[in-house]
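See below for the structure under consideration.
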Amino acid sequence: MKNHRKSKSMNALSTPWNTQLRELAKRCQFLQALSLYPQMLRHGDRPNAFTFPFALKSCAALSHPILGGQFHGQIIKVGCIFEPFVQTGLISMYCKGSLVENARKVFDENFHSRKLTVCYNALISGYASNSKCSDAVLLFRQMNEEGIPVNSVTLLGLIPACVSPINLELGSSLHCSTLKYGFDSEVSVVNCFITMYMKCGSVNYAQKLFDEMPVKGLISWNAMVSGYAQNGLATNVLELYRNMDMNGVRPDPITLVGVLSSCANLGAQSVGHAVEFKIQASGFTNNPFLNNALINMYARCGNLTKAQSVFDGMPERTLVSWTAIIGGYGMHGHGEIAVQLFKEMIRSGIEPDGTAFVCVLSACSHAGLTDQGLEYFKMMKRNYRLEPGQEHYSCMVDLLGRAGRLKEAQNLIESMPIKPDGAVWGALLGACKIHKNVELAELAFERVIEHEPENIGYYVLLSNIYSDANNSKGVLRIRIMMKEKKLKKDPGCSYVELKGRVHPFIVGDRNHPQSDEIYRVLEELEAIIMQEFGKPKKDNREESNKDFFTGVGVHSEKLAVAFGLLNTTTGAEVVIIKNLRICEDCHLFFKMVSKIADRQLTVRDATRFHHFRNGSCSCKDYW
DNA sequence: CTAGGGTTAG
């Protein structure tokens with residue numbers, strides 16, 4: 001009987017206007033939805049409690065709290081503020097527009113809100129997504145004290161408050177208390193915890209949760225894929241992707257974004273290419289996220305032609321698409337193209353953000369466009385009101401430093417309004433290596449290790465600076481320091497990707513099945529180089545395993561190159577990745593080999609890619 | 001009210 005009465009009153013509320021409004025909002029056509037409202041008033045129809053939730057939802061989706069505020073006024077006038085859907089709509093709308101205070105006011109001023117689970121849920125989720133973690137938790141506690149029932153949606157809103165490592169403890173205590181509520185078996189809640197642990201860097205916890213799930217949904221798989229990708233565990237991502245396939249789980253665009261990002265980090269172009277195929281076969285071709293990920297993947301794998309063609313083929317390019325292509329050209333030394341694209345982007349009406357500036361500044365730095373870079377740095381603040389962060393200062397120090405303007409770089413650091421971090425000083429240290437400035441290097445090193453005492457890269461860098469200056473005392477001092485701090489340099493690792501298989505090499509490696517042939521190729525190359533270019537500057541080899549140029553074990557880059565030459569045909573691409581900066585000798589070697597062999601050698605310097613550091617350097621299959 | 005997504009320097 002009660003139900004009957006209710007549905008009757010609902011029917012009175014669902015006018016044709018409301019139905020249409022709801023349909024448009026459902027289809028995410030928010031602008032069209034909102035345009036119905038003035039039409040409705042012109043027709044003399046009054047809005048009611050069924051109109052506003054969808055109007056507010058549209059304002060929330062468009063992040064338009066000003067328009068939402070006007071609806072708030074109308075709601076008061078019409079007198080339907082006490083409707084639960086209207087209240088939650090208002091709270092959520094203000095939160096999505098970053099006006100959490102307004103949301104709180106709605107909550108506080110309406111006695112009814114404070115008795116409804118949905119209103120608590122809306123505000124808790126709002127606090128969490130506006131990174132007001134403690135407010136979210138406080139409200140959750142209050143909810144418990146007031147005896148308001150908690151449901152799974154409450155948790156889905158609250159858990160994202162703990163997505164930073166500093167909140168891990170809070171997050172895991174929440175996790176424990178969910179057992180009490182009995183929501184630990186709900187897939188959505190577990191998914192949410194998986195993401196939380198991943199974002200806190202607790203990969204093992206996330207994995208445990210995932211493994212123990214009796215029922216996994218696509219989102220569970222995706223949470224793992226993205227989580228691994230975010231934690232730099234690219235090989236785990238590819239493994240999981242393969243498992244999905246074996247379990248008959250069909251990937252969606254979100255899965256593929258994570259997979260592509262991992263391909264980019266590994267330089268695994270052939271897997272990336274297979275993913276592109278999958279995208280086309282699944283009809284995801286116009287997904288902007290996927291296209292951005294493809295641009296990034298091809299660019300990082302050194303295939304700028306493909307990156308450009310994906311970019312050109314996009315129906316609409318976002319700031320991220322531009323950033324990816326600009327960064328791609330920049331990292332491969334095509335600074336002029338990167339700058340050209342940056343200008344084009346601005347001309348097309350897209351405003352650069354901090355990340356876009358990092359890309360263009362680093363592009364200038366790599367291509368020696370020093371003044372251009374300085375100009376952009378000024379422009380950031382002047383034209384776009386963007387405050388430069390640590391990463392921008394690092395780029396600038398690198399830019400000035402590479403150009404040999406060390407004093408200016410140092411002055412820039414000293415003028416910084418924020419305390420420079422390790423990366424900024426590290427950039428100066430790197431510049432000191434290029435320009436052989438021992439004195440400044442010592443200063444920079446001192447500051448660097450205040451911030452990153454465990455980062456061996458910097459110790460090695462200073463040691464090499466001393467070595468260049470024939471300062472054996474200095475070298476020894478650093479070696480002792482490293483020993484005292486128990487820092488051990490992981491061997492540099494280069495690898496070549498061939499037909500979906502990765503072939504890694506470490507210095508002096510003899511483990512590869514083709515090892516004999518590789519060394520034979522290297523010997524041949526040495527002989528040719530000797531003939532064509534004369535004797536290399538250093539030739540103090542004693543054993544056959546020692547490097548042609550450097551006199552130590554054969555560098556991993558060279559082994560990778562030889563392997564690449566051995567297994568690819570003319571014009572093929574050899575991708576080399578190393579976890580420390582590629583040395584000058586190897587650069588020289590690449591140049592010579594490119595001339596002799598007529599191959600395109602793409603060399604990638606990948607300091608950040610550390611997934612092979614502690615692993616064994618044996619071949620690993622992707623598929 | 002509600003779980004998963006792209007870009008950056010050294």
Side-chain angles (χ1 to χ4, degrees), chain A residues 53 57 60 84-85 87-89 91-92 95 116-126 151-160 186-196 198 217-227 229-230 252-261 264 287-297 299-300 318-328 330-331 353-363 365-366 389-399 401 421-431 448 452 455 457-458 461 581 605 607-608:
Chain A
K57 211 182 170 117
F85 283 129
Q87 272 176 42
T88 51
I91 293 170
S92 162
C95 289
L116 291 169
T117 300
V118 274
C119 288
Y120 276 92
N121 289 356
L123 193 54
I124 287 172
S125 143
N151 61 22
S152 57
V153 180
T154 317
L155 292 171
L156 296 179
L158 176 63
I159 299 163
E186 271 196 47
V187 178
S188 59
V189 174
V190 181
N191 292 340
C192 208
F193 276 117
I194 289 177
T195 304
M196 182 202 80
M198 282 295 196
L218 176 59
I219 294 183
S220 321
W221 288 91
N222 286 351
M224 289 302 290
V225 166
S226 310
Q230 285 152 9
D252 74 350
I254 295 178
T255 325
L256 299 178
V257 162
V259 175
L260 283 175
S261 141
N287 184 306
F289 284 94
L290 276 176
N291 282 317
N292 293 342
L294 275 172
I295 295 170
N296 178 45
M297 184 275 294
R300 298 254 280 233
T318 67
L319 173 60
V320 177
S321 327
W322 286 95
T323 307
I325 194 82
I326 290 167
M331 78 176 80
D353 65 354
T355 309
F357 271 105
V358 169
C359 288
V360 78
L361 290 177
S362 86
S365 171
H366 290 309
Q390 301 282 8
E391 62 275 31
H392 301 103
Y393 283 105
S394 304
C395 286
M396 291 314 288
V397 170
D398 188 57
L399 180 96
D421 67 1
V424 176
W425 289 109
L428 187 65
L429 186 62
V448 164
E452 294 176 48
N455 193 331
Y458 295 126
L461 198 51
R581 185 164 280 285
D605 192 351
T607 319
R608 281 172 54 220

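Chain identifiers are assigned alphabetically (A, B, ...) following the order of the sequence lines, protein sequences preceding nucleic acid strands; residue numbering begins at 1 within each chain.
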Side-chain contact check for Leu218(A): nearest option of dC1(B), dG10(B), dG4(B) is dG4(B)

Testing dG4(B), dA9(B), dA3(B) for proximity to the side chain of Thr195(A), the answer is dG4(B)

Q. Do Asn291(A) and dG6(B) share a donor-acceptor pair, side chain to base, under 3.5 Å?
A. no

From CG of Asn296(A) across to P of dT8(B) the rounded distance in Å is 5 Å

Looking at every strand, decide which applies to Thr355(A) at a 4.0 Å heavy-atom threshold: base, sugar-phosphate, or nothing. base

Of dA9(B), dC1(B), dA3(B), the nucleotide closest to the side chain of Ser362(A) is dA9(B)

OP1 or OP2 of dG10(B) under 4.0 Å from side-chain N/O of His366(A):
yes

(message) Categorize Gln87(A) for me: base, sugar-phosphate, or nothing, with a 4.0 angstrom heavy-atom threshold over every strand shown.
(response) nothing

Report task. Tell whether Ser321(A) reaches the base of dG6(B) with its side chain through a donor-acceptor pair below 3.5 angstrom. Result -> no

Against the side chain of Ser394(A), the closest entry in dA9(B), dG5(B), dT2(B) is dA9(B)

Exercise. Are Phe289(A) and dG5(B) stacked, counting the six-membered base ring, centres under 5.5 Å, planes under 30°?
Worked result: yes

> Should Asn151(A) and Thr117(A) be marked as a side chain to side chain donor-acceptor pair (under 3.5 Å) after you check the CA-CA gap, both sets of side-chain angles, and the distance that decides it?
Replying inline: CA-CA 8 Å; Asn151(A) 61 22; Thr117(A) 300; 5.3 Å; no

*Per the atom types in the model, does the base of dG6(B) pair as donor or acceptor with the side chain of Asn287(A) at under 3.5 Å?*
no

For Leu399(A) and Leu361(A) the tightest heavy-atom approach is CD1-O, 4.1 Å

Closest non-hydrogen contact found for Ala299(A) with Gly328(A) is CB-CA, 3.6 Å

Asn222(A) CG to dG4(B) C1', in whole Å, measures 5 Å

In whole angstroms, the gap separating C1' of dG4(B) from CG of Asn191(A) amounts to 8 Å

Go through it in stages, so that I can follow the logic: the residues are Ser365(A) and Ser362(A), the test is side chain to side chain donor-acceptor pair (under 3.5 Å), and I'd like the CA-CA distance, side-chain angles, deciding distance and then a yes or no. CA-CA 5 Å; Ser365(A) 171; Ser362(A) 86; over 6 Å; no

Closest heavy-atom pair, Val259(A) versus Val225(A), reported as atoms and distance to 0.1 Å, is N-CG1, 4.1 Å

Quick note, Ala223(A) side chain, CB onward, closest among dG6(B), dG10(B), dG4(B) is dG4(B)

Rounded to whole Å, CG of Leu361(A) lies from C1' of dT7(B) at a distance of 15 Å

Q) Under 4.0 angstrom, heavy atoms only, what part of the nucleic acid is Asp252(A) near: base, sugar-phosphate, or nothing? A) base

In whole angstroms, the gap separating C1' of dT2(B) from OH of Tyr120(A) amounts to 19 Å

In whole angstroms, the gap separating P of dC1(B) from CD1 of Ile91(A) amounts to 10 Å

query = Reckon Ala423(A) touches a base, only the sugar-phosphate, or nothing at all at heavy-atom distances under 4.0 Å?
reply = base

| said: It should be established whether Arg300(A) places a side-chain nitrogen or oxygen under 4.0 Å from OP1 or OP2 of nucleotide dG6(B). | reply: no

Report task. Select base, sugar-phosphate, or nothing to describe what Thr255(A) touches, counting heavy atoms under 4.0 Å on all strands. Result -> nothing

Below 4.0 angstrom from OP1 or OP2 of dT2(B), is there any side-chain N or O of Ser125(A)?
yes

Rounded to whole Å, CG of Asn292(A) lies from P of dT7(B) at a distance of 9 Å

Between CD1 of Ile325(A) and C1' of dT7(B) the distance, given in whole Å, is 12 Å

Problem - Modelled atom types, side-chain donor and acceptor of Ser188(A) and Asn191(A), under 3.5 Å - result: no

